[in-house]
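Here the structure is laid out as structure tokens; the discussion comes afterwards.
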Amino acid sequence: MTTKLIERSNSKLWLAAIKPPMYTVAVIPISVGTAIAFAETKTINSSIFSTFLISAILIIAWLNLTNDVFDSETGIDKNKAHSLVNLTGNKALIFWLANLFLALGVSGICAISWWQQDPTVILLVVLCCALGYTYQGPPFRLGYQGLGEFICFFTFGPLALAAAYYSQTQTWSATNFAASIIVGITTSIILFCSHFHQIADDLAAGKKSPIVRLGTKKGAELLQWLCGSVYALTVLFVALRMFPIWTLLIFGSVFFAIDLCRHVTNYHDQPTQVSNSKFIAVTLHFSSGLLLALGFALLALSR
Ligand SMILES: C/C(=C\COP(=O)(O)OP(=O)(O)O)CCC[C@H](C)CCC[C@H](C)CCCC(C)C
Ligand SMILES: O=C(O)C1=CC(=O)c2ccccc2C1=O
């Protein structure tokens, strides 16, 4: 009985360390950028789409594994049982596994650039990876200065969507840029929410996350504006005729936005209660992103 309980809690720790839901942050920018390309050109290169998707997932695996490696060096993760470094006790193994994922992910993107005979996509993705490194790796560790949400916005928003759109069309699009602002905001909301319950560990390790800087109450208020901006921007882009009317489907995700704002407003200063807000934010990001992509795909299919 006791052995079974230990096994169950051990597998829970491993699941929390691997973070399967977090890989949706790779799926959404590639899907939205590709859906906009499909809406505008009525064609889709499925080999490029699937290669980009798998590569992006591998890059997120690199990001998360190196996050545990670099955080183990500053001591910020010393109380984090679900750190892969703490679970395995082998920092070098996690570091080299991460580098293998990065090499495989970048190779996939290189293949896309090779097929296109154009280096633009690989340059955009390498820039994303370099910025991702500055978030957590030495000597930069810009996340410790509270800059993570800005890096997150630009990498998962304008840069990732530009790369996904360009991989299909080899050109740029104002509509794609507008959509990238929305995806950038919803991805940054995930990172922002992940900081509420970590305030004590972050303060102790000298990490000035936005929540450390603002305090949890103001953070909860800012979250409401960020969520509201996702829907206000969609209405604006539809009114400006940049987005098809179908993209108003994004309002199907408003329930998760309300749930997230209510939860964080009620529990912003209670770490154990607020800790799952990151996963409500993941659901909001995934549902809003999929509905946005569907809105663009329906435009192509309805013509
Ligand atoms: C690893 C990230 C957050 C974890 O942060 P933290 O250390 O506070 O939390 P835990 O240790 O408690 O888990 C995410 C950081 C994201 C970063 C700012 C930007 C990364 C850019 C990517 C490389 C872009 C990939 C784009 C792809 C779709 C082509
Ligand atoms: O572990 C985390 O907290 C996060 C991991 C991750 O890959 C990611 C990506 C984009 C935005 C936020 C996050 C996380 O918060």
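As the structure lists them, so they are numbered: ligands from 1, and atoms in each ligand from 1.
With a heavy-atom cut-off of 4.0 Å, S188 does not touch ligand 2 at all. Residue contacts with ligand 2 for N64 involve side-chain atoms from C-beta outward but no N, CA, C or O (heavy atoms, distance under 4.0 Å). Counting heavy atoms under 4.0 Å from ligand 1, residue K207 touches it through the side chain alone.
Distance from atom 13 (C) of ligand 2 to its nearest protein heavy atom, with residue and atom name: M22 SD, 3.9 Å. At the shortest separation from atom 2 (C) of ligand 2 among protein heavy atoms lies K278 NZ, 3.5 Å.
Considering both main-chain and side-chain atoms, N67 comes within under 3.5 Å of ligand 1 through a nitrogen or oxygen pair. For ligand 1, the polar-atom distance check against Q136 finds no nitrogen or oxygen pair separated by under 3.5 Å. Residue K278 has no nitrogen or oxygen atom sitting less than 3.5 Å from a nitrogen or oxygen atom of ligand 1, judged on distance alone. Taking any N or O of D71, backbone or side chain, at least one lies under 3.5 Å from an N or O belonging to ligand 1. Considering backbone and side-chain atoms together, K80 places an N or O closer than 3.5 Å to an N or O of ligand 1. Geometrically, ligand 1 and W62 share no nitrogen or oxygen pair separated by less than 3.5 Å.
Residues F70 and Y133 place their aromatic rings such that the two centres sit under 6.0 Å apart. In this structure, F243 has its ring center closer than 6.0 angstrom to the ring center of F296. In this structure, the ring of Y165 has its center no less than 6.0 angstrom from the ring center of W172.
Of the candidates T186, T187, V282, L63, it is T187 that places a heavy atom closest to atom 11 (C) of ligand 2. The nearest non-hydrogen atom to atom 29 (C) of ligand 1, considering only F70, F52, F150, F156, comes from F52.
Not a single heavy atom of S194 lies less than 4.0 angstrom from ligand 1. The shell of residues lying under 4.0 angstrom from ligand 1, judged by heavy atoms, includes L191.
A distance-only check finds no donor-acceptor pair linking the side chain of D269 to the backbone of K217 [under 3.5 Å]. Counting only distance, with no hydrogens or angles, the side chain of S288 and the backbone of I250 share no donor-acceptor pair below 3.5 Å. Looking at Q168, its side chain never comes within 3.5 Å of a backbone N or O of T34 through a donor-acceptor pair.
Residues V235 and F251 form a side-chain contact, since some pair of their non-hydrogen atoms from C-beta on lies under 4.5 Å apart.
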Quiz item: Could you walk me through whether E40 and S173 pass the side chain to side chain donor-acceptor pair (under 3.5 Å) check?
Solution: CA-CA 9 Å; E40 292 180 357; S173 151; 3.3 Å; yes
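Electrostatic pairing of K207 and D201 does not count as a salt bridge here, judged by no charged N lying under 4.0 Å from a carboxylate O.
Remark: ligand 1 atoms within the under-4.0 Å shell around heavy atoms of K19 are 13 (O).
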